[in-house]
Number of protein chains: 2
Amino acid sequence: MIQRLCIIGVGLIGGSLARALRSVGAVGSVIGCGRGAVNLQSAVRLGVIDEYSFDPATAVAGADMVVVATSLGASPVIFDNIAAKLMDDAVITDVGSAKRRILDAAKISFGDGVARFVPGHPIAGTEKSGVEASFADLFRDRQVILTPDSTTDVEALDKVTQMWRATGAIVSQMDVEQHDNVLAATSHLPHMLAYALVDCLSSMNSSADIFKFAAGGFRDLTRIASSSPEMWCDIAIDNRDALLTALTSFSATYDDLVRALAAGDKDSLLKLFARAKSARDAFGGTVN
Amino acid sequence: MIQRLCIIGVGLIGGSLARALRSVGAVGSVIGCGRGAVNLQSAVRLGVIDEYSFDPATAVAGADMVVVATSLGASPVIFDNIAAKLMDDAVITDVGSAKRRILDAAKISFGDGVARFVPGHPIAGTEKSGVEASFADLFRDRQVILTPDSTTDVEALDKVTQMWRATGAIVSQMDVEQHDNVLAATSHLPHMLAYALVDCLSSMNSSADIFKFAAGGFRDLTRIASSSPEMWCDIAIDNRDALLTALTSFSATYDDLVRALAAGDKDSLLKLFARAKSARDAFGGTVN
């Protein structure tokens, strides 16, 4: 049970977390923090938070759980702002899609207090942003990855684990580097492909025709290109090394495909497509 | 009204076409043709066709409308087989995703009779194959592109147009080259990306973890990688020139993105993502 929850960044993720915890009575009061008055007022009106502050240092006062759900780029500054104002037994967590840089920033801001910082990443979301898009079931049956290290406080880890379980999520732990590599491959790389594909097509002649005749495959493949450019810029930069590795790996497969096509090598093309279909079909049931 | 419809290749597309025309009473009898006895027997049992033949030359006898809905690679051989057996006033069309090579093959097989061949392409489908996956509403509100040229018989063009309109589709005409370029960009290229992405990921270490933690974006982006490898190999080879152009164009955008990321150039990344989001949002309503 969380007595007082402080959500810094009351958007899709932060808002949905507050809604989910409230819906199962797992939280006492909720204070939100952000920069946009309209969004915070909406959050109060929607019953997502009880009150709000524009100042992170003020917002964390008295909170036993602090969730930093801002953009990745903003998190280090938030850590600096709140470090001196946290309660001694406060637990801090975040929701960022890349963990190495966040953890390094937390170490700098919190010093020894980093033991009570539990890096977290709920693998859930939609292409929408803002508290208006939030809903209590966003995390139900979704994976939440926590990336504690040897210095992480066991009690803090348990508290964050229980919080996410209360939302209906499946919580697992992973090494920071493994997390960043896996997410680079399964999430960050696909977003780069979707953005690059739409940008490439929209720059072609007759792009009106091009989009008019696009079918379901194109729609599905590019849905994620409607995601927030700012958020994805932060993620890409924050997880740059792992993402560059994934991009290079994709390039190699792509170049193989282009070479096979240019050579009219049906056999190689067919093998590549068949391997992909087999992998996609096999894992289809676990991808949700 | 079609008196006798011959569907060569009773799969998802051919089967759905027969179902759609039957459901609105736009066809008398339907004969199917294919190589697989089990599939053809299913088609009769499901009421999709009335009878079948394994021999295309036999199947077209007496048919006033012949739809070649086999794979692209098989179509030229089919054309050769049926050319001498077509009724004088028979209209022939196809459903291939690339049109230049099909039209060239039809000219060789049909000679002057190519005037009654109307190249067609319904932009509809699912990742499934076979008559069991077919359904009458597959083409409702979908685009069907016909690519007649100056030699195409006006009456034949009208008959094919009416046939597709009867299925609920929106029929338009396009120049062959334009069709192949537009489809390379909006359909064939996305399929190559999906296949390459899944193949790339499945070859990575810990690919079990990789798929376990994949979220909705990955699922949507790679759904089309479950499509038939054989069919897509045919399409890629058939539309090779236009597809290579699209692949090269994508590579240029992709390389820009990788370069910007490697340089930590947030400004360029943000601009690319924002352009893509804007294009995807703007055309979102027309992509169905």
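Letters A, B, ... mirror the listed sequences (proteins, then strands); counts begin at 1.
Neither the backbone nor the side chain of Ala184(B) comes within contact range of chain A; no heavy atoms are under 4.5 Å apart. Contact of Ile145(A) with chain B is made through the side chain alone, with heavy-atom distances under 4.5 Å. Only the side chain of Ile224(B) comes within less than 4.5 Å of a heavy atom of chain A; its backbone N, CA, C and O stay farther away. In this structure, chain A has a heavy atom under 4.5 Å from the side chain of Leu257(B), while its backbone stays farther away. Of the atoms belonging to Ser187(A), not a single heavy atom falls under 4.5 Å from chain B.
Salt bridge annotation for Asp180(A)-Arg100(A): absent, with no cationic side-chain nitrogen under 4.0 angstrom from a carboxylate oxygen. The residues Lys99(B) and Asp94(B) are annotated as salt-bridged, a charged nitrogen and a carboxylate oxygen being separated by less than 4.0 angstrom. At a threshold of 4.0 Å, the pair Asp199(B)-Arg275(A) counts as salt-bridged, since one of the basic side-chain nitrogens sits closer than that to a carboxylate oxygen.
In terms of heavy-atom pairs under 4.5 angstrom with chain A, the leader among Asp234(B), Asp255(B), Val198(B), Leu243(B) is Val198(B). When the candidates Ala196(B), Gly73(B), Ser251(B), Ala194(B) are compared by the number of heavy-atom contacts under 4.5 Å with chain A, Ala196(B) comes out ahead. Chain B forms more heavy-atom pairs under 4.5 Å with one residue of Leu270(A), Asp241(A), Asp256(A), Leu261(A) than with any other, namely Leu261(A). Comparing Lys266(A), Glu230(A), Arg240(A), Gln143(A) by how many heavy-atom pairs each has under 4.5 Å with chain B, the most go to Arg240(A). For the set Ser172(A), Pro190(A), Ala225(A), Ser226(A), the entry with the most heavy-atom pairs within less than 4.5 Å of chain B is Ser226(A). For chain B, the option among Leu272(A), Asp265(A), Leu269(A) with the highest count of heavy-atom pairs below 4.5 Å is Leu272(A).
Ring planes of His188(B) and Trp232(B): perpendicular class, angle over 60° (limits at 30 and 60°). The aromatic rings of Phe139(A) and Trp164(A) sit perpendicular to each other, their planes meeting at more than 60°, with 30° as the lower class boundary.
Not one N or O on the side chain of Lys277(A) forms a donor-acceptor pair closer than 3.5 Å with the backbone of Ser227(B). Arg280(B) places a side-chain N or O within 3.5 Å of a backbone atom of Thr222(A) that can act as its donor or acceptor partner.
If you take CG on Asn239(A) and NE2 on His179(A), they are separated by 8.0 Å, rounding to the nearest 0.5 Å.
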